Amino acid sequence: MFHLPRPSNRTIALALAAAVATCGVAYAQNEAVIKERQELMKHNGAAAKAASGFIRGTTPYDAAKGMEILTTLQDTAEKFGTLFPEDSKTGGDTEAAPAIWEKPDEFKAALAKYKADTDKAVAAAPQDVDSFKVAFGMVASNCKSCHEEFRIDK
Amino acid sequence: MAKRLLLILIVLLALGAGLFFWLTEPTRMESAALAEQDSGDAKRGERVFWLAGCESCHARPDAKGEAQLELAGGLPLKTDFGTFYAPNISPDPDDGIGRWTFADFANALQRGVDPEGRHLYPAFPYTSYVRMKHEDVADLWAFMKTLPQVKGRAPDHELSFPFNIRRGIGLWKLAFLSSNPVVTLPASASDAARAGQYLVEGPAHCGECHTPRRFAGAGGLDHARWLGGAPNPEGEGKVPNITPAADGLGSWSADEIAEYLATGFTPDFDTVGGAMVAVQENMAKLPDEDRQAIAAYLKAVPAVD
């Protein structure tokens, strides 16, 4: 008859400690990176707000300020893709959708399009409100298309 | 004695089954009355189409542009009861609804009964469409008939017991299907708010996602928490509260709500996300007065805290 060796109390304690440590690692969320991406999205929100002033004509168009808006959006596009490590799926009120990690290729493609559109908009260097509308509109279409799949409301 | 008990039991079971069948009998609207109203206008019907958001479920998943008008179906709707697949409702005579009469269409849309007399699952929001005006239904039908015919059928629904028993939907309808208005607007409510009530409670079917369901999500909408926000039926997260509450749209003006529906930008210049993107893009296609009406109604409903 075969008997499993009875684990000593020490073995049990070690196993428990290991389990606790593992859980600790799994739940130690990278809140700094979550905060960083939330800040970048706030910059984009402020930029969009300024853009809407120009587009609606409540603020007279200013080409330097227009460029500032577009470069803010470009700056976010450059940094954003690096801010979704495996340990940042939850925590810090993140609204990042699991799809970001489940469909990494689609997420990468969406970010690449966003980046390419901001590059084009900055290169266009709009001098009047009509060309600004075109440049900004091209970039802004990325907000919705990305949020459709990759952000959840919490 | 045992035999007599058994006999009584059988009789009771038969009566119970009879009662079940009587209660769950699918009821259709009279064809004769409907036939007279089959005089819709396809151009007006296009507005109803975007308002009702038919293509959000019935176009192929992720269809954009012209492809949104190809109603091939196939979108999986994953719920706690199983997976529903939106059917092909293109005018294809074999795979779609090309052989349907106007009465067939109106009964499916407003009573949840198909041309074979079977109940349709309320994943199809006939519980809201039941409030639609007949002229809007006729216009929508006229528009649907102009759409491209598409071949191919969606998979059958994959549902768990007892939700896979269609006849049971009859009982569900007895409890939850009603064409009465949901809220009673104050006498002082504007014409816009009243117009918005029809749009929101009827064709736009906003409450189907923004209102929690009773009986652990299996029942009808909880009218006491109308538009007060609900769990996301498709998974993680929530569908927001859109009543004038503090954590709803309390701080938004009616113009800001209408603007959001037109552009997808919130007053803070955050953007629309998730399943609402497709809805917002449909709302953007409506005349401005419809968005204003929806906004006026959302400001007039009771706040749900």
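Lettering of chains follows the sequences in order, A, B, ..., and the numbering in each one begins at 1. Being a predicted model, the structure only gives us computed values, none of them experimental.
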**Q.** Residue B/K238 excluded, over 12 heavy atoms near NZ under 6.0 Å
**A.** yes
**Q.** Most chain B-contacting option - heavy-atom pairs closer than 4.5 Å, from A/G45, A/A47, A/A51
**A.** A/G45
(Q) Working note: B/F265 + A/S52, criterion side-chain contact (heavy atoms from CB on, under 4.5 Å); need CA distance, chi angles, decisive distance, verdict. (A) CA-CA 10 Å; B/F265 280 109; A/S52 108; over 6 Å; no
Q: Examine whether an atom of B/T266 lies under 4.5 Å from a heavy atom of chain A, and if so say whether it belongs to the side chain, the backbone or both; otherwise answer neither.
A: neither
Q.
Just so I know, are the side chains of A/K42 and B/D270 near enough to count as touching, which here means a heavy-atom distance under 4.5 Å?
A. no
Q. CG of B/D156: more than 12 outside heavy atoms within 6.0 angstrom?
A. no
Q | Atom NZ of A/K35: over 12 foreign heavy atoms under 6.0 Å | A | no
(Q) If you count every heavy atom of other residues, nucleotides or ligands that lies below 6.0 Å from B/K78 atom NZ, does the total exceed 12? (A) no
Q. To the nearest 0.5 Å, what is the distance between CD (B/E236) and OG1 (A/T90)?
A. 9.0 Å
Q: Mark yes when over 12 heavy atoms from residues, nucleotides or ligands other than A/D128 sit less than 6.0 Å from its CG; otherwise mark no.
A: yes
**Q.** Side-chain donor/acceptor of A/K49 to backbone N/O of B/F269, under 3.5 Å
**A.** no
(Q) Is it true that, when you exclude B/D288 itself, more than 12 heavy atoms of the residues, nucleotides or ligands shown sit nearer than 6.0 Å to its CG? (A) yes
**Q.** Gap between atom CG of A/D153 and atom CG of B/N232 - 0.5 Å precision
**A.** 9.0 Å
Q | Test item: B/Q280 and A/K144 side chains (from C-beta on) under 4.5 Å apart, heavy atoms | A | yes
Q) Does A/K115 NZ have over 12 foreign heavy atoms under 6.0 Å away? A) yes
Q: Search all heavy atoms of B/G273 against all heavy atoms of A/R151 and return the closest pair with its distance.
A: N-NH2, 3.8 Å
Q.
So that I can tick it off, tell me whether B/K64 and A/E148 are bridged by a salt bridge, with the cut-off set at under 4.0 angstrom between side-chain N and carboxylate O.
A. yes
